[in-house]
Amino acid sequence: MNAGTERLAALRSLMRRKKVDAYIIPLSDPHMGEYIPDHWNIIKWLTGFTGSAATAVITDSFAGLWTDSRYFLQAERQLAGSGFEFVRPVLYQRNDYIDFLWRTVGEGGTVALDGRIFPVSRFRNLESRLKARKVSIITDCDLITEIWDDRPALPSSTAFGHPLEFSGKESSWKINEIRDQMKIKGANYHIITAPDEIMWILNIRGYDVEFSPVLLSFALIGTDQLLLFIDEEKIPEKIAAEFDSLGIVVLPYEEAEPVISYVTQGSTALLNPSAIPVSMYRTVASNAAIVEDITIPCRLKAIKNKTEIENICRVMVRD
């Protein structure tokens, strides 16, 4: 038995103890990005698959991985001997993992997942599909931490500034633009979970994720303050002073969910259901009214200013 099959056996043992019929593992993190730190790359650790898109489903007698056409050959090669089967799509037929669960999990069965790394939009599809079979879905089920002994720590790179000569717009202007749009949408608060959007708002960058110049973080934008949830040691003194002048409050990364839920209580919060994990959405929705839409920074940063366009041209010439 190799390391991969031993891990799969340990996971199945835990599933039996928890009375879970099927366990879903997305290739995701709490920020719903395509590229994730090793700490959250459960699929790579469990199956050996190193692509950037996948979902694994484990039952007592089956372990399968679904991915897109970019990785078909890679998946077949990397899953060999892991105990996992690559599930190919069937021509002209639906054959995703939700369809598999609908066919496989018996009526009244239990499906489990870790709601910290599962987006609301995908969960709704899962819930809708399994509802007719009266399948219970547990969303606070972390079966990995207990069996992943040498799990990598979360990354800890240091923030550096993205100056005006590259950004073309001060962070204060961006925050005011977002607040103007929040008023139009009737939102008191705006929850941002995507690090690339937070980096754009604050004109900073980092090296927490390979191939992406970002720092793992959450942000809550209110009418007067912006709460930034990030490890404080990642923010050097100069940037911290700039944040103070902008009314940006730095709070511990791990406190994002409870603090956001508390602060938004009795208010209206704007969020993107495709970019927020189930666990955070539920804690917020239990206390606040929700407005669902693409995030405001996502729309704003899609329209490049003159400085950004000029810099893109320069980069293309260098490339």
Side-chain angles (χ1 to χ4, degrees), residues 28-33 35-42 114-120 139-140 142 144-145 148 151-162 171 175 178 188-209 212-267 269-272 275-288 295 297:
S28 183
D29 68 2
H31 307 279
M32 309 299 131
Y35 298 103
I36 62 176
D38 286 342
H39 177 86
W40 289 112
N41 202 332
I42 301 166
D114 186 344
R116 297 174 300 170
I117 57 173
F118 211 90
V120 170
T139 60
D140 59 349
D142 172 15
I144 301 302
T145 300
W148 192 351
R151 189 170 189 169
L154 285 170
S156 57
S157 69
T158 302
F160 59 92
H162 187 65
S171 185
I175 295 170
I178 294 169
N188 308 108
Y189 293 98
H190 194 6
I191 301 171
I192 312 294
T193 59
D196 63 292
E197 296 178 10
I198 297 169
M199 301 299 100
W200 177 83
I201 297 167
L202 303 180
N203 284 343
I204 59 172
R205 299 292 188 267
Y207 295 112
D208 276 358
V209 180
S212 300
V214 300
L215 296 157
L216 297 183
S217 51
F218 299 97
L220 179 67
I221 303 174
T223 54
D224 300 313
Q225 280 187 331
L226 189 156
L227 305 185
L228 174 64
F229 298 90
I230 190 169
D231 290 339
E232 192 173 3
E233 59 268 22
K234 292 183 178 183
I235 307 299
E237 287 186 15
K238 182 180 178 182
I239 292 177
E242 293 171 1
F243 284 177
D244 285 341
S245 68
L246 293 172
I248 297 170
V249 179
V250 177
L251 296 171
Y253 175 80
E254 64 274 8
E255 292 183 11
E257 192 171 303
V259 171
I260 289 173
S261 176
Y262 175 77
V263 171
T264 58
Q265 189 168 3
S267 300
L270 172 64
L271 53 81
N272 180 359
I276 190 169
V278 171
S279 60
M280 182 175 288
Y281 180 93
R282 286 186 164 176
T283 58
V284 173
S286 64
N287 296 314
T295 61

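Once rounded to the nearest 0.5 Å, the distance linking CD1 of Ile248 with CD1 of Ile175 reads 4.5 Å. Considering CD of Glu255 and CG of Leu227, their distance stands at 11.0 Å, rounded to 0.5 Å. Note that CD1 of Ile235 and OG of Ser217 are 8.0 Å apart. Values are rounded to the nearest 0.5 Å. How far CG of Asp38 is from CG of Leu154: 11.0 Å, rounded to the nearest 0.5 Å. Expressed to the nearest 0.5 Å, how far CG of Leu251 lies from CG of Leu228 amounts to 8.0 Å. Summarising the geometry, atom CD1 belonging to Ile221 is positioned 4.0 Å from atom CD1 belonging to Ile178; distances are rounded to the nearest 0.5 Å.
Put simply, the side chain of Ser156 does not reach to within 4.5 Å of the side chain of Asp231, judged on heavy atoms.
Residues Leu215 and Ser157 share a closest heavy-atom pair of CD2-OG, 3.3 Å. Leu216 approaches Asp208 most closely through the heavy-atom pair N-OD2, 2.9 Å. A pairwise comparison of heavy atoms in Val250 and Phe243 identifies CG2-CD1, 3.9 Å as the closest pair. Minimum heavy-atom separation, Ala256 to Met280: CB-CE, 4.3 Å. In terms of heavy atoms, Tyr281 sits closest to Val120 at CB-CG2, 3.3 Å.
Under the rule for a salt bridge (charged side-chain N to carboxylate O under 4.0 Å, His left out), the partners of Asp142 that lie at least two apart in sequence or sit in another chain are Arg116. Looking at residues two or more places apart in sequence or on another chain, you find no salt bridge (charged side-chain N to carboxylate O under 4.0 Å, His left out) involving Asp29.
Aromatic ring centroids of Tyr253 and His31 lie under 6.0 Å apart.
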Atom pairs and distances, donor-acceptor, side-chain atoms in residues 189-207, under 3.5 Å, two or more places apart:
| unit_1 | atom_1 | unit_2 | atom_2 | d |
| --- | --- | --- | --- | --- |
| His190 | ND1 | Leu270 | O | 3.0 |
| His190 | NE2 | Ile296 | N | 3.1 |
| Thr193 | OG1 | Ala275 | O | 2.2 |
| Asp196 | OD2 | Lys301 | NZ | 3.1 |
| Glu197 | OE1 | Thr295 | OG1 | 2.8 |
| Glu197 | OE2 | Thr295 | OG1 | 3.1 |
| Asn203 | OD1 | Lys174 | NZ | 2.7 |
| Asn203 | ND2 | Lys169 | O | 2.9 |
| Arg205 | NH1 | Met199 | O | 3.2 |
| Arg205 | NH2 | His162 | NE2 | 3.3 |

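In this structure, Ser28 contributes its side chain and Ile117 its backbone to a donor-acceptor pair below 3.5 Å. Checked by atom type and distance alone, the side chain of Thr264 never pairs as donor or acceptor with a backbone atom of Ala269 at under 3.5 Å. Here the side chain of Ser279 pairs no donor or acceptor atom with the backbone of Pro277 at under 3.5 angstrom. Remark: the backbone N or O of Arg151 is not paired with any side-chain donor or acceptor of His39 at under 3.5 angstrom.
Heavy atoms of other residues, nucleotides or ligands lying less than 6.0 angstrom from CD of Glu232 number 12 at most. Within a 6.0 Å sphere centred on CD of Glu233, heavy atoms belonging to other residues, nucleotides or ligands number more than 12.
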